[in-house]
Amino acid sequence: MEGESPGWDLLPSSLLGAMTAPDSWVPFRLVLQLSLYLLTIMTLSTFLHLSSRFPSAWQRLPSPNTTKGSPATSPTTTPPTERGMWTVNSAGRLGNQMGEYATLYALAKMNGRQAYILPEMHRQLAPLFRITLPVVSSDVVRSVPWRNYGLHNWMSEEYRHIKGKYVRLTGYPWSWTFYHHLRQEILQEFSFHDHVKEEANQYLAGLRGQRQNVTYVGIHVRRGDYVRVMPQIRKGVVADKAYLEKAMGYFRDKYQEPVFVVTSNGMEWCRENINASQGDVYFSGDGKESSPGRDFALLAHCNHTIMTIGTFGIWVGYLVGGETVYLANYTLPDSPFLRLFKPEAAFLPEWIGINADLSPLRGGT
């Protein structure tokens with residue numbers, strides 16, 4: 001019949017009577033209310049149980065892939081309070097930033113802590129490298145009760161037992177003694193993005209010419225402010241013409257067809273003092289430090305390295321992994337710089353040192 005619910009005629013007469021009889025309706029409603037009440041309690045209990053087992057989004061660590069996205073954006077996170085957090089100051093230029101990152105990575109792992117980097121460090125390193133450490137937001141940086149822990153630039157035993165849940169490492173640490181036991185992991189952290197590799201390799205391929213057995217040797221000549229700082233403050237020298245001739249002569253004697261790729265923040269000096277008459281020297285970059293990442297990637301894709309002084313060249317040699325020639329003993333014995341700098345903690349034992357000419361310092365010129 002119209003208006004009737006289909007199937008009601010299939011219900012037993014006793015149940016149909018209980019649902020329609022006025023005397024039985026009130027007990028049924030009470031049973032329904034009690035069921036809803038119990039269901040609500042069970043739902044709330046389940047929710048609270050799940051919340052305690054799975055942290056909410058603001059507590060979770062970000063996926064390592066979050067830092068591999070567009071370098072223009074800086075992924076941020078609020079750290080979980082259970083493990084605390086360690087970070088490091090973001091100071092200096094590219095070489096120093098890499099050293100700070102690698103030192104934080106190694107010391108945090110050594111002490112069983114979770115490492116985070118500051119947004120400014122992410123902005124400097126992420127455009128070049130596939131770094132994976134999560135980024136802490138600026139708001140959290142300001143609110144965390146940091147314990148600042150100063151480091152000198154070589155590994156010491158006490159750094160294996162640093163106390164504190166919220167530690168900010170300070171200083172300019174970059175020595176291989178902090179992280180060399182994790183070399184493969186550090187090399188992975190500083191692996192280049194594909195487009196960076198492609199650009200560097202394409203440029204180097206263009207220098208090959210008709211050579212069949214080419215060996216690329218990257219040369220980084222650090223000048224800029226060091227031309228003044230070294231003699232006036234550190235009682236030291238920068239690389240001169242004679243050093244570069246000796247270093248290049250080493251590779252010319254050893255390899256059949258070397259190609260020297262020169263980058264510098266003093267390119268005019270390089271053009272005047274590096275002998276390019278043999279046709280195997282190429283001056284790359286604008287020499288004004290406007291594209292340090294590009295210069296670094298270019299040198300890092302060579303086979304071997306000639307460096308002068310500074311963390312930029314040291315990191316190039318470390319990533320390349322070939323032969324590295326460096327300027328040795330470039331300060332006077334009474335240099336104040338030696339209180340902060342240990343050559344044996346800066347240069348790997350297998351690297352090749354050529355002693356600097358200190359006569360300009362001794363002669364007062």
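Side chains are part of it too, since the values below use all heavy atoms of this structure and drop only hydrogens, waters and symmetry mates.
- Counting non-hydrogen atoms of other residues, nucleotides and ligands closer than 6.0 Å to CD of Glu344 gives a total above 12.
- Here the side chain of Asn275 pairs no donor or acceptor atom with the backbone of Glu245 at under 3.5 angstrom.
- Tyr282 has its ring centre no less than 6.0 Å from the ring centre of Phe260.
- Atom NZ of Lys246 sits in a sparse spot, with 12 or fewer heavy atoms from other residues, nucleotides or ligands closer than 6.0 Å.
- Remark: Arg294 is positioned above the aromatic ring of Tyr203, its terminal NZ or CZ atom under 6.0 angstrom from the ring centre and at most 45 degrees off the axis.
- Remark: side-chain polar atoms of Ser175 are paired, donor with acceptor, to backbone N or O of Ala345 under 3.5 angstrom.
- At most 12 non-hydrogen atoms from other residues, nucleotides or ligands lie less than 6.0 angstrom from OH of Tyr172.
- Between Arg252 and Asp280 the shortest side-chain heavy-atom distance falls below 4.5 Å.
- Other residues, nucleotides and ligands place more than 12 heavy atoms under 6.0 Å from the CD atom of Glu257.
- With hydrogens and angles ignored, the 3.5 Å screen pairs no side-chain donor or acceptor of Ser284 with any backbone N or O of Thr263.
- The ring of Trp86 has its center no closer than 6.0 angstrom to the ring center of Tyr159.
- The closest donor-acceptor contact from the side chain of Ser264 to the backbone of Gly266 lies under 3.5 Å.
- Remark: the backbone N or O of Val135 is not paired with any side-chain donor or acceptor of His122 at under 3.5 angstrom.
- Glu323 places no side-chain N or O within donor-acceptor distance of the main-chain N or O of Trp351, the cut-off being under 3.5 Å.
- Taking the ring centre of Tyr216 as origin, the terminal cationic atom of Arg208 falls outside the region bounded by 6.0 Å and 45° from the ring axis.
- A donor-acceptor pair under 3.5 Å is absent between the side-chain atoms of Arg113 and the main chain of Val167, judged by distance alone.
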Q) Can Tyr149 and Glu158 be said to form a side-chain hydrogen bond (donor to acceptor under 3.5 Å, both in side chains), step by step? A) CA-CA 11 Å; Tyr149 192 96; Glu158 61 264 29; 5.5 Å; no
